[in-house]
2 protein chains.
Amino acid sequence: MATIRDVAREAGVSIATVSRVFNQTALVSEGTATHVRSIAARLDYWPNSAARSLITHRTNAIGVLLPDLYGEFFSEVIRGIDLAARQEKYQVLVSSFHASAETIVSAIRALRGRIDGLIVMVPDADAHTAIQEFATRFPVVLLNPGANAPECGALSIANYDGAFAAVDHLAKLGHRSIGILRGPLGNLDAEERARGYRDALAANGLAWDEALEVGGDFTESSGFQAAADFARMRPRPSAVFCANDYMAIGLLSALRDAEVRVPEDMAICGFDDIAIAHYLTPALTTVRVDACSLGERALHQLLPFARTRRPADGQREVLPASLVVRRSCGAPVPGTGEARGARSRRRTPSSPSHHRDERLAAGSDGATA
Amino acid sequence: MATIRDVAREAGVSIATVSRVFNQTALVSEGTATHVRSIAARLDYWPNSAARSLITHRTNAIGVLLPDLYGEFFSEVIRGIDLAARQEKYQVLVSSFHASAETIVSAIRALRGRIDGLIVMVPDADAHTAIQEFATRFPVVLLNPGANAPECGALSIANYDGAFAAVDHLAKLGHRSIGILRGPLGNLDAEERARGYRDALAANGLAWDEALEVGGDFTESSGFQAAADFARMRPRPSAVFCANDYMAIGLLSALRDAEVRVPEDMAICGFDDIAIAHYLTPALTTVRVDACSLGERALHQLLPFARTRRPADGQREVLPASLVVRRSCGAPVPGTGEARGARSRRRTPSSPSHHRDERLAAGSDGATA
DNA sequence: CAACCGCATGTAATCGTTTTCATCGTTCGC
DNA sequence: GCGAACGATGAAAACGATTACATGCGGTTG
């Protein structure tokens with residue numbers, strides 16, 4: 001592989017000149033510049049990024065650290081980050097860690113020196129302390145800060161508002177006994193959603209009852225198992241808000257097995273609006289979150305700090321979450337004649353034919369399945 | 001940030017010794033080693049990876065270049081790669097490019113010097129030429145080589161076999177007029193699947209009829225639109241094989257709107273077995289592909305070459321694709337009593353509660369929706 | 001007892017850039 | 001014409017590691 005020295009020799013100039021041509025950092029005469037460029041092209045030269053970042057202390061890459069790479073939410077976040085990064089000419093290093101605060105530290109350590117900034121999603125409050133001091137001397141953007149997150153960039157989705165809207169909707173439909181299938185204990189998103197649930201109850205004059213809360217872990221099977229708990233309750237709740245869609249799916253399956261009709265006997269509401277939600281029978285009422293733009297926004301928030309290598313200040317941004325009403329909650333679904341199964345999640349239609357669906361999806365998302 | 005020099009000075013040894021302690025590349029007495037390590041820990045020292053890779057010519061990172069990051073298939077591939085990479089202590093640089101062979105070249109160029117090897121998925125045969133000469137001097141593993149792919153590592157899914165199995169299944173069910181909804185022209189996976197379709201027809205003594213082939217582009221909306229084409233055919237095919245699940249979903253929606261019953265009036269078969277397939281009504285018969293292990297295998301195939309920085313030789317591996325029979329094809333579905341919606345896609349259950357579902361899913365995957 | 005050997009460690013060259021500072025014509029203002 | 005200013009270029013010092021080679025030192029061996 002050709003080095004800057006080869007190009008310089010071949011072009012009959014010094015390496016400084018070649019460097020300047022490639023960086024446009026200082027004046028180089030038009031003639032030499034084009035000459036050097038042609039030589040470089042012939043030798044297939046490209047600056048070695050290790051050497052470059054050794055001296056500039058910049059890598060033009062950012063790291064993405066997620067608790068897992070499984071599921072639609074994470075993959076959409078990554079896609080959003082990639083979209084923005086490509087536009088900004090930054091590379092993306094992804095990495096996942098599993099569970100413990102131990103590994104999150106070693107994951108960060110492994111990334112060190114390779115990236116100019118980090119986007120990290122912490123599963124629970126415990127992990128915050130691990131990030132804490134790192135964030136004071138490195139650009140970090142948190143993807144789901146809790147109430148007392150470290151002083152650094154942070155971006156979150158409106159967990160509280162979304163949950164509130166969903167439960168408020170159920171209450172307004174007349175349900176007086178509304179259960180919740182919670183996410184993992186200590187999980188920040190889960191806590192916020194639970195808080196939204198409780199406040200929505202209160203706002204509708206409903207008493208909070210611990211007996212109506214069932215623990216889950218965001219997996220489909222935990223939803224499946226929770227069905228038994230709800231069935232056992234006296235009185236049985238006439239509606240259940242699930243802290244995410246996967247659990248709602250599991251719950252729906254179990255209810256069908258138990259011949260509990262949804263929404264007639266029990267109204268169900270999820271959270272996330274994953275692609276499947278739309279296709280379930282009955283279609284799942286849920287709270288939509290735009291994971292892709294969460295990723296995009298995170299990168300854009302991080303970039304100014306990554307560029308200057310200054311720790312990100314305590315800037316915060318919250319992405320809205322919107323209720324998507326479908327069949328599973330028993331509310332009248334707006335619109336009837338729209339194309340079914342023609343919902344778009346892409347930003348850029350890959351074919352003109354997509355156009356029609358885009359419009360429809362924007363109008364309303366109710367399904368008639 | 002502390003450098004190797006700081007540690008050496010503080011520990012009263014030379015930088016060579018510090019380096020040796022961190023690389024375990026030569027004998028260092030037990031005493032000095034632990035001393036150096038403690039100093040390093042105190043100074044929070046970690047070797048600068050740019051400096052290191054400048055001299056070693058290795059980055060301990062591999063690149064992943066995909067045509068897009070949208071959809072379940074790609075995200076699972078990435079997850080598989082990440083899983084294997086973490087285990088092997090390699091970092092993963094992901095990057096997507098859109099469409100043209102122009103950008104694939106620049107994407108590769110941008111990655112150059114940052115990675116020890118590349119896993120790339122080329123959308124069509126045209127892009128092969130762009131990879132071609134690069135692969136002769138750099139470790140590359142192709143994720144979907146066509147028939148005449150460049151001389152390099154390659155891994156593919158059994159597109160042909162999967163399609164053959166699906167269509168053969170339809171034929172064995174008695175269908176004499178089987179249509180196909182094809183993928184994009186030039187797309188390698190799509191071509192192979194179409195070939196499997198044709199050969200399966202022939203194997204069952206059915207004549208190939210161009211009129212039964214409808215063009216699609218792998219999107220849901222193209223499936224939706226194709227419904228009209230199939231409806232117009234005389235005689236109307238009694239079964240349709242779709243080259244991927246997204247198109248099958250679109251087709252199912254359109255058929256429902258047109259009040260064509262599935263599978264009674266038209267049997268439908270998809271490809272990929274995305275998560276949604278299981279939850280559709282009727283549940284979609286499709287061909288399962290393990291995208292996650294495709295990623296894992298790719299990394300493992302690449303690694304020996306990445307480690308030695310030798311171009312990967314023409315080793316090839318094919319991942320099996322298996323037919324998953326559900327309701328949409330009209331065949332009797334095996335098993336009836338199993339838990340619904342309790343299918344696992346994870347390798348490692350995150351909670352003990354998952355265990356039961358794992359077993360069930362392993363047994364058979366038919367659905368009773 | 002000298003030669004040798006192996007272990008532990010240090011010295012210094014090297015990787016491929018960027019960037020500061022110096023140099024060297026030209027041109028310009030006066 | 002002469003110094004200043006300027007534009008284009010080169011020389012050389014970093015950047016922070018790895019590693020070939022040299023060195024010193026005690027213990028074995030013939």
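Hydrogens, waters and symmetry mates play no part in the numbers below; they use all other heavy atoms, side chains included. Below, chain A is the first sequence line, B the second, and so on; all start at residue 1. Predicted, not measured: the structure shown is a model, and the values here were computed from it.
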Candidate pair A/L118 and A/I62, rule side-chain contact (heavy atoms from CB on, under 4.5 Å), full reasoning = CA-CA 6 Å; A/L118 180 68; A/I62 62 109; over 6 Å; no

Give the C-alpha distance, both sets of side-chain angles, the deciding distance and a yes or no for salt bridge (Lys or Arg N to Asp or Glu O under 4.0 Å) between B/E88 and B/R307.
-> CA-CA 11 Å; B/E88 303 282 354; B/R307 289 221 160 90; 3.3 Å; yes

Do the charged groups of A/D44 and B/R137 touch, with an N to O distance under 4.0 Å?
-> yes

Would you kindly say whether A/T32 and A/S29 are connected by a side-chain donor-acceptor distance under 3.5 Å?
-> yes

Round to the nearest Å and state the distance from B/N60 atom CG to D/dT18 atom P.
-> 11 Å

With sequence neighbours left out, write down each residue that passes side chain to side chain contact (heavy atoms under 4.5 Å, CB included) with A/S96, or none if nothing qualifies.
-> A/L69, A/H98, B/D82, B/R86

Is A/T17 reaching over with its side chain to a backbone N or O of A/V13, donor-acceptor style, under 3.5 angstrom?
-> no

Residues in residues 34-43 of chain A with a heavy atom under 4.0 Å of DNA chain C, by number, are none

Produce a footprint string for nucleotides 7-19 of chain C: one letter per nucleotide, 5' end first; B if the base is under 4.0 Å from any protein heavy atom, S if only the sugar-phosphate is, - if neither.
-> -SBBB--BBBBBB

Salt bridge (charged side-chain N to carboxylate O under 4.0 Å, His left out) involving B/R37 - partner list, sequence neighbours excluded | none

Set of salt bridge (charged side-chain N to carboxylate O under 4.0 Å, His left out) partners for A/D189, sequence neighbours left out | none

With ring centroids as reference points, do A/F22 and A/Y45 lie under 6.0 angstrom apart?
-> yes

How sharply is the helix from C/dC1-D/dG30 to C/dC30-D/dG1 bent, taking the axes over five pairs at either end and rounding to 10 degrees?
-> 50°

Does B/R79 use its side chain to pair, donor to acceptor, with the backbone of A/D68 at less than 3.5 Å?
-> no

